[in-house]
Visitor: 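The structure's right below; bear with me while I get my questions together.
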Amino acid sequence: MKEIFEALRERFDAQVDRFREGGALKELHDLKYRHCFRVSREAEGIASDLGWEADRVACARGLGLLHDLGRFEQYARHGTFNDRVSVDHGDLGATLVREHFADLLSQTWLRVIPPAIRWHNKRRLPADLDPELLPFARLIRDADKVDVYRVIREHLEAGRIRQLIPRLTDLEGPPSEALVGVLLEEHTADYGMVRNLADLLLVQACWVYDMHFPPALRRLLDRRLLEGLRAWICPTPAVDRIFAEAADWAQKACA
């Protein structure tokens, strides 16, 4: 299994090296490069905690490494990670894996990794997803969220959230009433409703309702990742309720 991952890593590095300039990656390319390795470790750890067999754990590790492959081409072409105004990085990543990594993947892994990448960034998974694929699609979404929470908190604390998400122009405004209403009712909202930083953080707080595996939720709670978002929004009864209900749901899902 180790040899397979090392072959994937070597091929992955070769793909990423195409985007280096003078031997170095641009800041946001480098951020995604490091994110891919962290998500790989998270996916491997969650799969191990779930008691998956060795081949499935190894597949989860490889999936984590490759899940954001489309981000590098997306940013190089469009100068943004915003799928709404550029290209769907999940769809692009799935295509790139089939084009450049298929010879390294077993038939089982090939049935799982590209489609899981395709679905990892969608608002919801389809109800009729193949049973063989479903646990991997859920796992990569969980592992990805765990690290994105960490990245967001890190950039907030460093005063660098605009560098991470340049389209965020309003960092001080209160949450949008329409968005808050949708989140209280549905626990999810379209990113098209996001108007400022507070809106973004509230949408991300509600990601917990789309997390499936207790080991992932336990990581979120143990690392106090929700609190890392909550600290940056002015308190209101509605905001307090959204975070309290999200934390309560996560606690119960871990029980």
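Here, residue 1 is the first one in the sequence, and each next residue gets the next number. Values reported hereafter were calculated over all heavy atoms of this structure, with side chains retained and with hydrogens, waters and symmetry mates removed.
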Visitor: With side chains defined as the heavy atoms from C-beta onward, is the minimum distance between V85 and R167 less than 4.5 Å?
Guide: no
Visitor: Search all heavy atoms of R224 against all heavy atoms of R153 and return the closest pair with its distance.
Guide: O-NH1, 3.6 Å
Visitor: Using the test salt bridge (Lys or Arg N to Asp or Glu O under 4.0 Å), find all partners of R195 that sit at least two apart in sequence or belong to another chain.
Guide: none
Visitor: Could you tell me whether a side-chain N or O of R219 sits under 3.5 Å from a main-chain N or O of P215, the two making a donor and an acceptor?
Guide: yes
Visitor: If we only count heavy atoms from C-beta on, is the R138 to L129 side-chain gap below 4.5 Å?
Guide: no
Visitor: Output yes when a side-chain donor or acceptor of S48 lies under 3.5 Å from a complementary backbone atom of E44, and no otherwise.
Guide: yes
Visitor: Hey, are the side chains of E132 and R111 touching, using non-hydrogen atoms and a 4.5 Å cut-off?
Guide: yes
Visitor: Decide yes or no for L105 and V97: does some side-chain heavy atom of the first lie under 4.5 Å from some side-chain heavy atom of the second?
Guide: yes
Visitor: Hey, what do you get for CZ (R9) to CZ (F37), rounding to the nearest 0.5 Å?
Guide: 4.0 Å
Visitor: With clusters defined by side-chain heavy atoms of hydrophobic residues (ILVMFWY) lying less than 4.5 Å apart, directly or transitively, does Y33 cluster with V151?
Guide: no
Visitor: Is the closest side-chain heavy-atom distance between T188 and D210 below 4.5 Å?
Guide: no
Visitor: Taking the side chain as every heavy atom from C-beta outward, state whether I152 and I161 have any pair of such atoms under 4.5 Å apart.
Guide: yes
Visitor: Can you tell me how far apart NE2 (H212) and CG (L50) are? Round to the nearest 0.5 Å.
Guide: 12.5 Å
Visitor: What are the two closest heavy atoms between L221 and C254, and how far apart are they?
Guide: CD1-SG, 4.0 Å
Visitor: How many angstroms lie between CG in L133 and CZ in R118, if you round to the nearest 0.5 Å?
Guide: 10.0 Å
Visitor: Main chain of L217, side chain of D142: is a donor-acceptor contact present, judged purely on distance under 3.5 Å?
Guide: no
Visitor: Between W109 and F136, does the ring centroid distance fall short of 6.0 Å?
Guide: no
Visitor: Can you find a pair of side-chain heavy atoms, one from F101 and one from Q15, that are under 4.5 Å apart?
Guide: yes
Visitor: Treating D240 as the side-chain partner and I242 as the backbone partner, does any N or O pair qualify as donor plus acceptor under 3.5 Å?
Guide: no
Visitor: Assess whether side chain to side chain contact (heavy atoms under 4.5 Å, CB included) is satisfied between I140 and V39, documenting all intermediate values.
Guide: CA-CA 8 Å; I140 191 57; V39 172; 3.7 Å; yes
Visitor: Heavy atoms, side chains only, cut-off 4.5 Å: are F81 and I165 in contact?
Guide: no
Visitor: Kindly determine whether R71 and D83 satisfy salt bridge (charged side-chain N to carboxylate O under 4.0 Å, His left out), including the steps that lead there.
Guide: CA-CA 10 Å; R71 285 299 200 189; D83 288 4; 3.3 Å; yes
Visitor: Salt-bridge test for E154 and R34: reply yes if a basic N is under 4.0 Å from a carboxylate O, no otherwise.
Guide: no
Visitor: Is a side-chain donor or acceptor of D199 paired with a backbone partner of S176 at a separation under 3.5 angstrom?
Guide: yes
Visitor: Search all heavy atoms of A43 against all heavy atoms of A60 and return the closest pair with its distance.
Guide: CB-O, 3.5 Å
Visitor: With side chain to side chain contact (heavy atoms under 4.5 Å, CB included) as the criterion, how do L63 and L139 come out once you've worked through the C-alpha distance, each side chain's angles and the decisive distance to 0.1 Å?
Guide: CA-CA 9 Å; L63 171 59; L139 180 79; 5.5 Å; no
Visitor: How close do A94 and P114 get, heavy atom to heavy atom, and via which atoms?
Guide: CB-O, 3.2 Å
Visitor: Apply side chain to side chain contact (heavy atoms under 4.5 Å, CB included) to R223 and V146, showing your working.
Guide: CA-CA 9 Å; R223 299 172 192 175; V146 168; 3.3 Å; yes
Visitor: Give me the atom names and distance for the closest heavy-atom approach of D170 to G173.
Guide: OD1-N, 2.8 Å
Visitor: Show your working on side chain to side chain contact (heavy atoms under 4.5 Å, CB included) between L104 and E10 and close with a plain yes or no.
Guide: CA-CA 11 Å; L104 300 178; E10 183 177 345; over 6 Å; no
Visitor: Could you go through the salt bridge (charged side-chain N to carboxylate O under 4.0 Å, His left out) check for K122 and D88 one step at a time?
Guide: CA-CA 9 Å; K122 306 304 188 284; D88 185 305; 3.2 Å; yes
Visitor: With a 6.0 Å cut-off (strictly less than), is the heavy-atom count around CD of E99, excluding the residue itself, greater than 12?
Guide: yes
Visitor: Are W119 and Y191 connected, step by step, through hydrophobic side chains (Ile, Leu, Val, Met, Phe, Trp, Tyr) whose heavy atoms are closer than 4.5 Å?
Guide: no
Visitor: With no hydrogens and no angle check, is any side-chain donor or acceptor of Y209 less than 3.5 Å from a backbone partner on E186?
Guide: no
Visitor: When you check the gap from the basic side-chain N to the acidic O, do R141 and D144 get nearer than 4.0 Å?
Guide: no
Visitor: Out of H67, K32, H120, which one pairs with H89 under the side-chain hydrogen bond (donor to acceptor under 3.5 Å, both in side chains) rule?
Guide: H120
Visitor: Check whether L96 and Y75 end up in the same hydrophobic cluster, where Ile, Leu, Val, Met, Phe, Trp and Tyr are linked by side-chain heavy atoms less than 4.5 Å apart.
Guide: no
Visitor: Can you see which heavy atom on A238 is nearest to which on V180, and at what distance?
Guide: CB-CG1, 3.6 Å
